[in-house]
Amino acid sequence: MKAEEHCNESAEKTSKQTAFCKPCKRQWAKCGTDPAKNGPKSFHGGANTSEALTQSQDGCLTASLTSEPRVKDFGQLNPDEKMKMLETTRQAKVLVLTMVYRDGTTQLDPEQKLTLPVCGLLVLMKSDLSCGTPEDSLGPNDSLVYLKLEHTPAWAQQQTHPSPELFTRDMLLQVLTGSQLVVCYKAKDLLRSVLQVYRRELNWKRVAGCHIQDPQVSAWLLDPTDPSSCFQDLLNKHCRRPHTTPALGAQKVSQIISGLCWLYRLNMKLCSQLQSQGLWKLYSDMELNMIPVLAAMESHRIHVDKEALKKTSDLLGTKMKQLEKEAHQAAGQIFLVTSSTQLRTVLFEKLRLHERCENKKLPKTINKQQQSTSEAALLLLQDLHPLPKIILEYRQVHKIKSTFVDGILSCMMCKNYISSTWHQTSAVTGRISAKHPNFQALPRQPLQITKKQYVQGKEEEVVTVHPRAMFIPHEGWTFLAADFCQVELRLLAHLSSDPELLRIFTSPQADVFTMLASQWKGVREDEVTSEDREHAKRIVYSVVYGAGRERLSGILGVSTEQARLFQDSFLQTYRDVQAFIQRTIQQSHKQGYVLSIMGRRRNLPNINSPDWSIRMQAERQAVNFVVQGSAADLCKMAMIRIFNLVSSSSSLSARLIAQLHDELLYEVEDSHLEQFAALVKSTMESLQRIDHLGVHLKVPLKVAVSSGKSWGSMSELNIPLTFPSP
DNA sequence: CTAGCGTCA
DNA sequence: CTGGTGACGCTAG
């Protein structure tokens, strides 16, 4: 009882402490938990007290866990016992894992906080494959081991050999890369934590080949539209089981143990479903192999020019103040520029701008039918008065500052690097997504800012703000980007076998979008600007994925009638593309789902909906999934192949920084640049044929590589057509 | 048109 | 006072 009281008390203190230890409003900011920096000389920002508190609580949980007779604490064993344990691990048939966090939760608990410090790993070793019939009890030969997963700084490590740290590391390696069945819910998080904790002592290549089954991934493959937010949800959905209530202390430990047993059952259930749905190969050969790729990517530190970021933050701040002043002058009064209510009063009650443009219909707010201050409205008003333009620019600057400058700064806290979190199961099409920051949404084009200077000489200075340019390779390293050119369109050519489209990609390789842009703008190909090309690209994809006339006319900038003509002529030119679209829709109606090139599946529950608009949406989703999903398959395959090449080589050292859907961004040693570029290009282009998955594309794949000393300044790299020697 | 994430009212 | 939501911004095809 006493122990439990103590537990609750310190839990309370800790929660207060964590609240205190959150100087910035963003929850995902890492609060100086970097083990490498907690050396003797860096005691900053109250780290002392918080450390003490969390440790006492950790002690409490560890105590609960290890006082449970079924759990062996690996750290407390003597060297002989440790050797025996390693052997037992080798002999086990199944390993079921979960991370234990310092606040006493595990990966099986719902709603974990985003950057929870990890304290250990609980391993259930099963000696046979049975599911353990009586609800949650262990088999007679099953055993449980607790592995402490906290880093002792190098300066505090014992000098005796082998050091206990390395024993634990070897045990971890045995657990993670053994040949037996290994199961973990959210395996990527576990792998990433291990790589972070043993950053110095464990090379990522050593866990590259690990093959951990993960029910989160299998459930997502079975139904990518299912939210399945936590382990409990998955259990409720797929397994019949008694209701459980949250518990504390020793009961909590029993619950964790029974959770592991259920995890194993859930995994088996999902595996058999994968097999019966024909998804096993995709799961085992692709998605499971993505786990170490993503874990390695997340545990890599991307260097950011923090000082430059801070400077641009200040610059944008002063720019906003200037614009605010200008807005007040233009309005003839002081008001809050961020408030749409106050802006509405100024624009329509004071200046009465709406009365001066009766020929245009101004948008209204949806709720109260008031005059809108949306971008569309301001664009219509901008010729009547200087104020709308000022507001528009203010909003643009504000957007860049809050999302891309301050946003990235808040992901760094006291560090000078970032690591995004990459999600394997959050996109229905099979693409991966990123958070904190969202690497895949950083602006491609820099923003021009005119800065007023109150110094003699020049009056104005134009500064360009480019968030991508803030990402810098480490000293002696270079960024390398490899881009699959027009993947989705090439896949569409393959899937539809359209002779016209195939011809475009097979013949001498002019850029497709440049070609199309020159065709309908009536200019020479070398006169097509990059904006023209982007424009053409958007139009092509819009038409292919079934944009309506309204939407298309908006994108093209012409009347709806002309949009319809364009649409018709496009689909007449590429008749087999249209046939493919119709075929796909028909098929989705018949079977209720649709498949990508590698067998990824999307169920479409609304495909036979009586509601016309709902049904049409499902039809567009069906067509889009086949193409976007197939492109995702290819890109993931490329990541895995390159990852395996690097990890099995002793000389290659390049690391994946980010995936931007069709583009892979690597950080590579300067001297390896050309060789690695050739390797990446040939590996990616060779995916035209993937024999064991039955993929033979009718079009060649084209990969463009570029390199640079910042992500904002990449320039194309010409690779000779020689195949690299092994 | 289809996918995402982040910010804001 | 806080938390959920839908719009709109950025990205990728």
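Note that this is a predicted model, so its numbers are computed, not measured.
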Go through residues 555-591 of chain A and report each residue with a non-hydrogen atom lying under 4.0 Å from DNA chain C, sorted by number.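 Per residue number, the list is empty: none.
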
Interatomic distance where [atom1] belongs to [X] and [atom2] belongs to [N] [whole Å]:
X	N	atom1	atom2	answer
A/K401	B/dG6	NZ	C1'	16 Å
A/I400	B/dG6	CD1	C1'	13 Å
A/M320	B/dC8	CE	C1'	13 Å
A/F513	C/dA12	CZ	P	13 Å
A/L392	C/dG9	CG	P	10 Å
A/Y545	C/dA12	OH	P	15 Å

State which residues pass side-chain contact (heavy atoms from CB on, under 4.5 Å) with [X]; sequence neighbours excluded, sorted by chain then number.
X	value
A/V397	A/L316, A/K319, A/M320, A/L323, A/E393, A/I449
A/E534	A/K537
A/R444	A/R468, A/E663
A/Q582	A/Q578

Any chance you could lay out the side chain to side chain contact (heavy atoms under 4.5 Å, CB included) test for A/I642 and A/M684, step after step, and finish with the verdict? CA-CA 8 Å; A/I642 296 165; A/M684 288 171 80; 4.0 Å; yes

A/H535: partners by ring pair (Phe, Tyr, Trp, His ring centres under 6.0 Å), with sequence neighbours left out: none

With sequence neighbours excluded, what pairs up with A/Y593 under the ring pair (Phe, Tyr, Trp, His ring centres under 6.0 Å) test? none

The side chain of A/E488 is closest to which nucleotide in this list: B/dA3, C/dG13, B/dG6?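 Of the candidates, C/dG13 comes closest.
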
Which nucleotide in the list C/dA12, B/dC1, B/dC5 gets nearest to the side chain of A/R551? B/dC1

Below 4.0 angstrom, which residues in residues 616-627 of chain A have at least one non-hydrogen atom near DNA chain B? A/Q617, A/R620, A/Q621, A/N624

What pairs meet the salt bridge (Lys or Arg N to Asp or Glu O under 4.0 Å) rule with one or both residues in residues 578-596 of chain A, with sequence neighbours excluded? none

